[in-house]
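Reading through the structure tokens given below for one structure.
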Amino acid sequence: LAGELKRADELAAVGALSARMAHEIRNPLAAISGSVQLVALREWADEKDKRLFSIILRETDRLDGLLRDFLLYAKPATPAKVPLQLRGLISELSPLLARDPRLERVNIENRVPGHIVVVFDKDQCKQVFWNLIVNGAEAMSGEGRIVIDASVQRGGEADQVRIRVKDNGQGMSESDVNRVFEPFFTTKKGGTGLGLATVYRIVETHGGRIAVSSEAGKGTTMTLFLPG
Ligand code: ADP
Ligand code: MG
């Protein structure tokens, strides 16, 4: 047991250190990107220069996004758990979702009954559903459908809420299903592989569970059990 505790301490220390590192890298990165934007405006910059500058900017943006996602994963904020009306919370995502080009032709059906309440940090709850919905949309070639439903499961000690996020995207192979929650596992060009790892971590710190079932060519269902 002492060994296990020591190992857990070590992992926590490495986590804190790499979060600090990610944070430190973001500052000079912002300086690089700001400077390049200014230099690109200079008269002597020709088309070829501008093309190179835009590559620098695109890649600094990508690095910044990666570091931001990594920080969310490695250094999650302490959750402020409050009762949330789930249907309303998911509706609150609509304006954000409507602005995202990945979701342009995706039909999202919020079938969560109005009486369902989960005890969760509000921002982190939004982040969970945002990640799941975007993943569903990215698994589609353009058009598709995401259905979210929920029901209360009466338990011995406490009620649990079962939530399903179901898409009719391309689905996954069995070997991918086994790896989706692994940090940095991605099958996407430009993906970070941190979305579901972060979701898993958030759900875990709220005393919940998440499971995935998927069939290649048919679609994917993410099932969450959250404290009600
Ligand atoms: P990313 O989206 O950056 O790739 P995620 O952690 O969100 O990282 O997802 C990891 C991988 O799991 C994805 O690259 C994809 O292969 C698979 N995946 C996740 N959600 C779905 C889904 N709804 N349908 C099909 N594949 C999915
Ligand atoms: Mg993702």
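Numbering of ligands and ligand atoms starts at 1, following listing order. Note that this is a predicted model, so its numbers are computed, not measured.
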Could you walk me through whether N131 and L196 satisfy the side chain to side chain contact (heavy atoms under 4.5 Å, CB included) test, starting with their C-alpha distance in whole Å, then the side-chain angles of each, then the deciding distance to 0.1 Å, before giving a yes or no? CA-CA 7 Å; N131 283 338; L196 288 181; 5.5 Å; no
What atoms of ligand 1 come within less than 4.0 Å of a heavy atom belonging to [X]?
| X | value |
| --- | --- |
| G136 | 23 (N) |
| G191 | 3 (O) |
| T192 | 3 (O) |

Specify side chain, backbone, both or neither for D167, according to which of its non-hydrogen atoms lie closer than 4.0 Å to ligand 1. side chain
So which bit of T187 gets within less than 4.0 Å of ligand 1, heavy atoms only: side chain, backbone, both or neither?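 Both backbone and side chain.
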Atom pair [atom1]/[atom2] of [X] and [Y] - distance to nearest 0.5 Å:
| X | Y | atom1 | atom2 | value |
| --- | --- | --- | --- | --- |
| L29 | L63 | CG | CG | 5.5 Å |
| M172 | N178 | CE | CG | 10.5 Å |
| D123 | W130 | CG | CH2 | 14.0 Å |
| L66 | R26 | CG | CZ | 10.5 Å |
| K166 | R111 | NZ | CZ | 8.5 Å |
| M140 | N107 | CE | CG | 9.0 Å |

Check [X] against [Y] and note the closest heavy-atom contact, atom names and distance.
| X | Y | result |
| --- | --- | --- |
| G228 | V161 | CA-CG2, 3.8 Å |
| A150 | V112 | CB-CG1, 3.9 Å |
| A45 | A40 | CB-O, 4.0 Å |
| S18 | G15 | OG-O, 3.2 Å |

Which protein non-hydrogen atom lies closest to [atom], naming both residue and atom, and how far is it?
| atom | answer |
| --- | --- |
| atom 10 (C) of ligand 1 | F185 O, 3.2 Å |
| atom 26 (N) of ligand 1 | M172 CG, 3.3 Å |
| atom 20 (N) of ligand 1 | N135 CB, 3.4 Å |
| atom 13 (C) of ligand 1 | K188 CE, 3.8 Å |
| atom 4 (O) of ligand 1 | T186 OG1, 2.5 Å |
| atom 12 (O) of ligand 1 | V180 CG1, 3.3 Å |
| atom 8 (O) of ligand 1 | G193 CA, 3.2 Å |
| atom 6 (O) of ligand 1 | L196 N, 2.8 Å |

Salt-bridge contact D121-K81 (side-chain N to carboxylate O under 4.0 Å):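 No, D121 and K81 are not salt-bridged.
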What pairs of residues pass the side chain to side chain donor-acceptor pair (under 3.5 Å) test when at least one of them lies in residues 193-208, not counting sequence neighbours?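 Qualifying pairs, neighbours excluded: none.
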Ligand 1 to G171 polar contact by distance, N or O atoms, under 3.5 Å: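 N/O-N/O distance under 3.5 Å: no.
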D176 N/O under 3.5 Å from ligand 1 N/O: no
For the Mg ion (ligand 2), which protein N/O/S atoms fall under 2.8 Å? Skip waters.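 Less than 2.8 Å away from the Mg ion (ligand 2) sit N135 OD1.
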Should the heavy atoms of other residues, nucleotides or ligands under 6.0 Å from CD of E10 be counted, would the total exceed 12? yes
Would G169 count as a contact of ligand 1 if the rule is a heavy atom under 4.0 Å away? no
